[in-house]
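The structure under discussion appears below in the form of C-alpha cells.
Quick caveat: nothing in here was measured; it's all calculated off a predicted structure. Note that ligands are numbered from 1 as they come in the structure, with each ligand's atoms numbered from 1 the same way.
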Amino acid sequence: MAVRKGLFKKVLIANRGEIAVRVMRACQELGIHTIAVYSDADKDAIHARYAGEAHHIGAAPPTESYLNLERIMKVARDTGAEAIHPGYGFLSERPEFPEACAEAGIAFVGPPARAMQAMGSKLEARELAKSHGVPVTPGSDAITDLDQAAAIAREIGLPVIVKPSGGGGGIGMKVVEDESDLVPAIQSCSNAARSAFGDPTVYVEKYVKNPRHIEIQVICDSQGGAVHLGERECSIQRRHQKIMEETPSPAVTPEIRQRMGDAAIAAVKAAGYVNAGTVEFIFSEGDFYFLEVNARLQVEHPITEQVTGIDLVKEQLRVAAGLPLSFAQEQIEWRGHAIEMRINAENPAKSFIPNPKRIQRWVGPSGPGVRLDSGFGPGSDVPPNYDSLVAKLIVHGTDRAEAIARASRALREFVLVGPATTIPYHRAILEAPDFRAGKLTTHFIPDHPELIQEMQKYLDQPSPMDYSSVDLAQVAAAAAAAHAAASQS
Ligand code: MV4
C-alpha cells in the first residue's frame, strides 16, 4: 500500500441505506467529500441526498447496480475518489473489489485481497486459526471420499455438522444425528455449496448443541497494530439473520473476554488482515470455538462503538490511509451495556415476510442513550429489491437492566407507520423472562414461538410522539390496520 501523509479528501461509498449514511456521517465529521452511487430504486434515497455528489449506476436489481463492479470503478475514476468504502453485503467481501482498487490506485477501505481470499475459504480460515492456537471444534479436512466420511464422522462422534468451505452464513449446512444421514447430507451440502458459492468443497465438524453465537470485533492497521474491542452476543437470530445484538454478552467474564480477544487477534494476524473485522465463535458451557471471520464492517458494529466510545468507521479510514490506529489495546475501556434492534420492514406474524412500503409517518425515538442509524425517514419508499432493514435502534445504558428498560422506552416512542415492522416483536423479546435472565442460544427464536402472540398487544398502542393526528386512538387503529393488511396480503 502506498504510504500517505494524511486522511483521504474524497471517498466513494459503494453501498446504500443506513450503512452508506453511517459511513458518510464519519466522512462529514472528518471533512471528507463523499461520493454516493445509487440505483433506479434509490433515486430519492437519503444516502444519495446526503452525499457531496451522487451518481446513478444502473437499474434496481443489485446485479445491475450495487453489484456492478465496473460501473462503480468508473464512477470512482471519473470523480477522482481516493478511497472506496464497500459497506457490508453487495461487493464488500469479493476479492475482485480490493484488486480492482489496487489496479486503479484507489485505496480500499477493507482488507487486502489475499487476506479476504483466505478468510473466504472457511476451511483455510479454520486451518489458519487452528495452527495459531485458536480453539476449533474437532473436524475434518475437505471431504473427498464418501466412504472415508463415515469413518471421520465416527471418529469425531455424532452429531456432526456438514459445512461448505466456499462461504458462511449457514447456507447449505446440515446437522447429522444418525450415521445413515451422513452421505445424503454431504451430497446436499455440496450441491448447495456449488450453486451458492461455485465451490462444492465441504467438511465436517463436531456439532455443538445449543450454543451461543458470540463474535469479537477486531481492527488492525498496516503497521502490525491489532486490537480487539470486545464481544457481541448475537444469539438472537432467525434463519441466520440476526435480529437483536448486545454487548457485553451475559455469558462472558473479563477472563473469557481476554482469551477470546487474544484468539481473535491471533486468527486475523495469521491471515495478514488489515482493517476492521469480526471473528465469530460458538460458545457453550464456558468454552469457545472459532467459526469464521467476517472481512467487513458489520451491521451490528454500533453497539461496540457505544460501549468503547471508538468510531470504527473513522478508524477504518485511518488504517486504509496507512495511518496507525489512534489508540492501543490498554486504552480500551468498556463502559455500560448496549443493545441493537434491527427494525425490518417485515411482518413477524407472517414468517417475517418482507413488507416493503412507503413510510407514511415516522418519528424516531430520542432522549438519553438512544442512537438511530437509518437510511429512511418520513415519506421514504422501502424498495422491494434489497434487504428489509429500515433502521437500527441502538441503546446504551449503565448496565443491562437500564439498557433493556431504555430499549423498551425507545420502541414505545418510535412512530413508524406504513410497512409492518419488527418493532412490536422486539418489544415482546425485551419482556421475555429467558431474555431478561440472559438465557440465550442460537435457538432462542424457534424456542419462543409465543413471542408472536405476545407481540399483538403492542399493535394497537399509540406512540405518545405521534402528533400527526389529533386522535391517538385513530393513529393506533391505522397502525393495527397496516399490520392486519400485511397479514392478509
Ligand atoms: C456450528 C454450529 C454448531 N456446531 N458449527 C452457522 C452459521 C455459521 N457462521 C456457523 N454456524 C454454526 N456452526 C458447529 N460445529 C452452530 C452454528 C450456528 C447455527 C446453527 C444452526 C442454527 C442457527 C445457528 C446460528 C448460529 C450458528
Check against ring-ring contact (aromatic ring centres under 6.0 Å, His included), Trp334 and His228: CA-CA 11 Å; Trp334 292 277; His228 79 86; 5.7 Å; yes
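- Applying the 4.0 Å criterion to heavy atoms of Glu292 picks out, from ligand 1, the atoms 8 (C), 9 (N).
- Atoms of ligand 1 found under 4.0 Å from any heavy atom of Lys206 (numbered from 1 in listed order, with element): 4 (N), 14 (C), 15 (N).
- The residue among Asn294, Thr442, Val208, Ile156 with a heavy atom at the shortest distance from atom 3 (C) of ligand 1 is Val208.
- Those atoms of ligand 1 with a heavy atom of His213 less than 4.0 angstrom away are 26 (C).
- Considering Phe108, Tyr66, Phe90 as possible partners of Phe97, the one that fulfils the ring pair (Phe, Tyr, Trp, His ring centres under 6.0 Å) test is Phe108.
- A salt bridge is defined here as a Lys NZ or Arg NE, NH1 or NH2 lying under 4.0 Å from an Asp or Glu carboxylate O, and Arg126 with Glu205 meets this definition.
- Put simply, the side chain of Gln329 never gets that close to the backbone of Val227: no donor and acceptor are under 3.5 Å apart.
- Classification of Glu64 and Arg71 as a salt-bridged pair fails, no side-chain N sitting under 4.0 Å from a carboxylate O.
- Lys163 NZ, 2.9 Å is the protein heavy atom nearest to atom 5 (N) of ligand 1.
- Taking any N or O of His443, backbone or side chain, none lies under 3.5 Å from an N or O belonging to ligand 1.
- For ligand 1, the atoms sitting less than 4.0 Å from at least one non-hydrogen atom of Gly170 are 7 (C), numbered in the order shown with element in parentheses.
- The protein heavy-atom contact nearest to atom 10 (C) of ligand 1 is Leu291 CD1, 3.6 Å.
- Nearest protein neighbour of atom 11 (N) of ligand 1, counting heavy atoms only, is Met173 SD, 3.9 Å.
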Intermediate values then yes/no, side chain to side chain contact (heavy atoms under 4.5 Å, CB included), Ile394 and Asp373: CA-CA 8 Å; Ile394 302 109; Asp373 280 23; 4.2 Å; yes
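- Closest protein heavy atom to atom 24 (C) of ligand 1: His240 CE1, 3.6 Å.
- Between Arg342 and Glu245 there is a salt bridge, with a side-chain nitrogen of the basic residue lying less than 4.0 Å from a carboxylate oxygen of the acidic one.
- A donor-acceptor contact shorter than 3.5 Å links the side chain of Arg436 to the backbone of Leu430.
- Only side-chain heavy atoms of Ile282 come within less than 4.0 Å of ligand 1; its backbone N, CA, C and O stay farther off.
- Backbone and side-chain nitrogen or oxygen atoms of Tyr207 are examined, and none is located within less than 3.5 angstrom of a nitrogen or oxygen of ligand 1.
- The shortest N or O to N or O distance between Glu280 and ligand 1 is below 3.5 Å.
- Looking at Leu12, Val37, Asn15 one by one, the single match for side-chain contact (heavy atoms from CB on, under 4.5 Å) with Ile84 turns out to be Leu12.
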